[in-house]
Amino acid sequence: MSVLVFVEIDNGSIKKASQEAIAYGAEVAKMLNASTTVLALGTVEESVLSQAGTFGANKVLHAADPKLTHENSMAFADVVAQAAQKEGSKVIVMAKSGLGDAVAARTAAKLKASVISGVTELPDLNGGFKVKRSIYTGKAFATVDIKSEIKILAIQKNAIEATETGASATVEAFSPTLSDANFVAKVTDVEKSNAELSLSDADIIVSGGRGMKGPENWEPLLDLAKALGAATGCSKPVSDLDWRPHHEHIGQTGIKVAPNLYIACGISGAIQHLAGVNGSKCIVVINKDADAPFFKAADYGIVGDVFDILPRLTKAAEALK
Ligand code: FAD
């Protein structure tokens with residue numbers, strides 16, 4: 001029996017959230033006395049795939065058909081289901097993401113499995129298979145007791161650390177049956193936004209709100225982001241006002257992020273913004289109003305003017321390099 005981990009590939013590498021999914025799958029495999037098999041799809045270098053071993057995988061199944069290079073949840077779910085049957089997998093793990101949720105749901109329909117999305121902890125196997133998941137955009141947790149034979153878990157980002165052991169995994173070619181019916185709509189081209197770093201994968205995000213006063217004032221924020229190697233984000237009004245591009249909008253109606261460090265500059269901390277950032281490991285808030293609601297969600301707070309604080313933080317970050 002193998003715990004099967006479906007991984008997402010971006011720019012030829014295993015995405016960070018998928019590295020965490022492998023680490024999670026490997027821990028579950030240990031608890032179940034099982035092995036860990038990773039499933040990777042499309043065109044990927046074998047040297048990249050064998051690195052799955054460093055996060056705990058024993059083996060990688062590689063379905064290299066180029067038709068599987070672009071996201072296609074119907075085709076991917078079909079391949080995940082076939083891999084699970086081949087490996088006899090009763091637990092299937094993947095990262096929680098737009099693609100992960102779609103693949104998990106479709107795979108569950110094929111295998112008559114349960115799907116638990118937004119899993120935040122390793123399962124409790126005492127007298128069953130119970131997992132904790134994040135609900136209400138991170139404001140509460142639910143414990144779910146899974147009774148189905150096959151269980152699909154979509155893991156919340158930052159739920160587990162993907163530490164590198166230096167081990168490598170064996171890579172095995174996998175040739176699933178691909179049905180033409182799954183390719184009736186296909187991605188022909190992917191054009192990345194010109195953001196230098198993807199918000200959803202960023203380790204550090206520096207984000208600005210209406211307190212930045214206007215688009216012409218973003219330089220100090222961009223300087224700090226550059227000094228920290230961070231991605232940049234913003235509140236909804238900022239993108240609505242066209243001060244920043246829409247792909248930077250973070251929150252309930254924007255992108256949900258979970259970096260190691262989120263620095264909020266002149267953002268009040270409305271509940272709709274917090275809904276997008278409360279998966280962050282450490283939140284630093286800079287606001288001139290000591291009563292700004294964001295301070296309640298902050299690990300560290302700086303009461304002060306962003307235009308005074310940001311250049312000082314940038315100088316300190318540069319001095320640390
Ligand atoms: P403001 O509320 O105007 O706050 C600006 C902050 O900057 C204040 O706290 C102020 O003290 C501080 N400040 C001002 N000057 C300085 C200075 N010089 N130095 C330091 N601090 C300063 N919002 C989102 O962000 N994301 C969402 O996804 C989202 N979805 C929404 C969905 C719905 C259905 C609704 C109704 C609202 C949504 N909103 C969302 C809007 C949300 O309610 C808030 O209005 C918004 O987040 C406020 O943005 P802000 O904090 O940038 O601006």
Side-chain angles (χ1 to χ4, degrees), residues 17 96-98 100-101 117-118 134-140 156-158 193 195 197-228 230-317:
K96 177 174 172 55
S97 66
D101 279 341
S117 180
S134 166
I135 55 170
Y136 299 126
T137 58
K139 287 192 257 332
Q156 188 87 1
K157 208 175 155 212
N158 279 340
S193 71
L197 275 170
S198 140
L199 270 179
S200 30
D201 292 327
D203 274 335
I204 307 178
I205 296 173
V206 185
S207 192
R210 230 163 7 190
M212 295 296 295
K213 310 279 191 252
E216 68 284 2
N217 295 329
W218 237 259
E219 213 53 43
L221 189 153
L222 298 176
D223 287 345
L224 177 62
K226 194 170 169 206
L228 294 172
T232 53
C234 67
S235 66
K236 180 174 185 296
V238 163
S239 63
D240 287 349
L241 289 163
D242 269 341
W243 292 1
R244 296 296 299 168
H246 281 277
H247 65 252
E248 288 197 359
H249 161 195
I250 292 173
Q252 183 183 316
T253 47
I255 298 179
K256 291 175 188 55
V257 296
N260 289 332
L261 175 61
Y262 186 78
I263 305 178
C265 312
I267 305 179
S268 57
I271 194 158
Q272 296 89 354
H273 188 81
L274 295 183
V277 304
N278 51 21
S280 309
K281 260 196 194 154
C282 178
I283 296 179
V284 176
V285 170
I286 309 167
N287 198 303
K288 67 175 186 186
D289 174 7
D291 293 324
F294 219 147
F295 283 121
K296 291 206 178 88
D299 296 283
Y300 298 94
I302 304 172
V303 180
D305 188 319
V306 276
F307 301 108
D308 170 35
I309 306 294
L310 280 171
R312 287 159 67 183
L313 282 180
T314 305
K315 210 169 154 197

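Every number for a ligand or one of its atoms is a count from 1 in the order of the listing. Quick note: numbers below take in every heavy atom, side chains included, and nothing from hydrogens, waters or symmetry partners.
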Exercise for review: Test Ile309 against Asp305 for side chain to side chain contact (heavy atoms under 4.5 Å, CB included), laying out the working first.
Suggested key: CA-CA 6 Å; Ile309 306 294; Asp305 188 319; 5.7 Å; no
Below 4.0 angstrom from a heavy atom of [X], which ligand 1 atoms are there? Numbered from 1 as shown, please.
{"X": "Gly254", "value": "28 (O)"}
{"X": "Asp289", "value": "11 (O)"}
{"X": "Gln252", "value": "27 (C), 28 (O)"}
{"X": "Lys213", "value": "14 (C), 15 (N), 16 (C), 18 (N)"}
{"X": "Ser235", "value": "25 (O), 49 (O), 50 (P), 52 (O)"}
{"X": "Ile250", "value": "24 (C), 25 (O), 26 (N), 27 (C), 28 (O)"}
{"X": "Ala270", "value": "42 (C), 43 (O), 44 (C), 47 (O)"}
{"X": "Arg210", "value": "1 (P), 2 (O), 3 (O), 50 (P), 52 (O), 53 (O)"}

**Study point:** Backbone N/O of Gly100 and side chain of Ser97: donor-acceptor pair under 3.5 Å
**Key:**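 Flag set: sc Ser97 to bb Gly100 pair under 3.5 Å.
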Review point. Should the proximity of Val238 to ligand 1, defined as any heavy atom under 4.0 Å, be assigned to the side chain, the backbone, both, or neither?
Key: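 Under 4.0 Å from ligand 1, Val238 contributes no heavy atoms.
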Among all protein non-hydrogen atoms, which one is nearest to [atom], and what is the separation to 0.1 Å?
{"atom": "atom 19 (N) of ligand 1", "value": "Val306 N, 2.9 Å"}
{"atom": "atom 30 (N) of ligand 1", "value": "Thr253 OG1, 2.8 Å"}
{"atom": "atom 20 (C) of ligand 1", "value": "Lys288 N, 3.2 Å"}
{"atom": "atom 23 (N) of ligand 1", "value": "Lys236 CB, 3.3 Å"}
{"atom": "atom 36 (C) of ligand 1", "value": "Gln272 NE2, 3.9 Å"}
{"atom": "atom 6 (C) of ligand 1", "value": "Gly266 O, 3.4 Å"}
{"atom": "atom 18 (N) of ligand 1", "value": "Asp305 OD1, 3.2 Å"}

Options [options], ranked by nearest heavy atom to [atom], top entry:
{"atom": "atom 2 (O) of ligand 1", "options": "Ala290, Ser268, Gly251, Gly304", "answer": "Ser268"}
{"atom": "atom 45 (O) of ligand 1", "options": "Gly211, Pro237, Cys234", "answer": "Pro237"}
{"atom": "atom 10 (C) of ligand 1", "options": "Ile255, Ile309, Asn287", "answer": "Asn287"}

Exercise for review: Measure across Leu274 and Ala297 and return the closest heavy-atom pair with its distance rounded to 0.1 Å.
Suggested key: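 Closest pair (atom of Leu274, atom of Ala297, distance): CD2-CB, 4.1 Å.
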Exercise for review: Work out which heavy atom in Pro220 is nearest to a heavy atom in Leu310; give both atom names and the distance.
Suggested key: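 Closest pair (atom of Pro220, atom of Leu310, distance): CB-CB, 4.0 Å.
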Point to revise | Leu228, Val277, Ile263, Ile250 screened by side-chain contact (heavy atoms from CB on, under 4.5 Å) with Ile205, the one that passes | key: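 Running side-chain contact (heavy atoms from CB on, under 4.5 Å) over Leu228, Val277, Ile263, Ile250 with Ile205 returns exactly one hit, Ile250.
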Point to revise | Option from Val206, Leu313, Leu261 for which side-chain contact (heavy atoms from CB on, under 4.5 Å) with Val284 holds | key: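 Of all the options given, the one that passes is Leu261.
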Return the [atom1] to [atom2] distance between [X] and [Y], rounded to the nearest 0.5 Å.
{"X": "Asn217", "Y": "Leu222", "atom1": "CG", "atom2": "CG", "value": "11.0 Å"}
{"X": "Thr232", "Y": "Ile204", "atom1": "OG1", "atom2": "CD1", "value": "13.0 Å"}
{"X": "Lys281", "Y": "Asp203", "atom1": "NZ", "atom2": "CG", "value": "8.5 Å"}
{"X": "Phe307", "Y": "Ile286", "atom1": "CZ", "atom2": "CD1", "value": "11.0 Å"}
{"X": "Tyr262", "Y": "Phe294", "atom1": "OH", "atom2": "CZ", "value": "5.5 Å"}

Point to revise | Any protein heavy atom < 4.0 Å from atom 16 (C) of ligand 1 | key: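 Given the 4.0 Å cut-off, atom 16 (C) of ligand 1 counts as touching protein heavy atoms.
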Practice item. Kindly determine whether Asp101 and Ser117 satisfy side chain to side chain donor-acceptor pair (under 3.5 Å), including the steps that lead there. Key: CA-CA 7 Å; Asp101 279 341; Ser117 180; 2.6 Å; yes
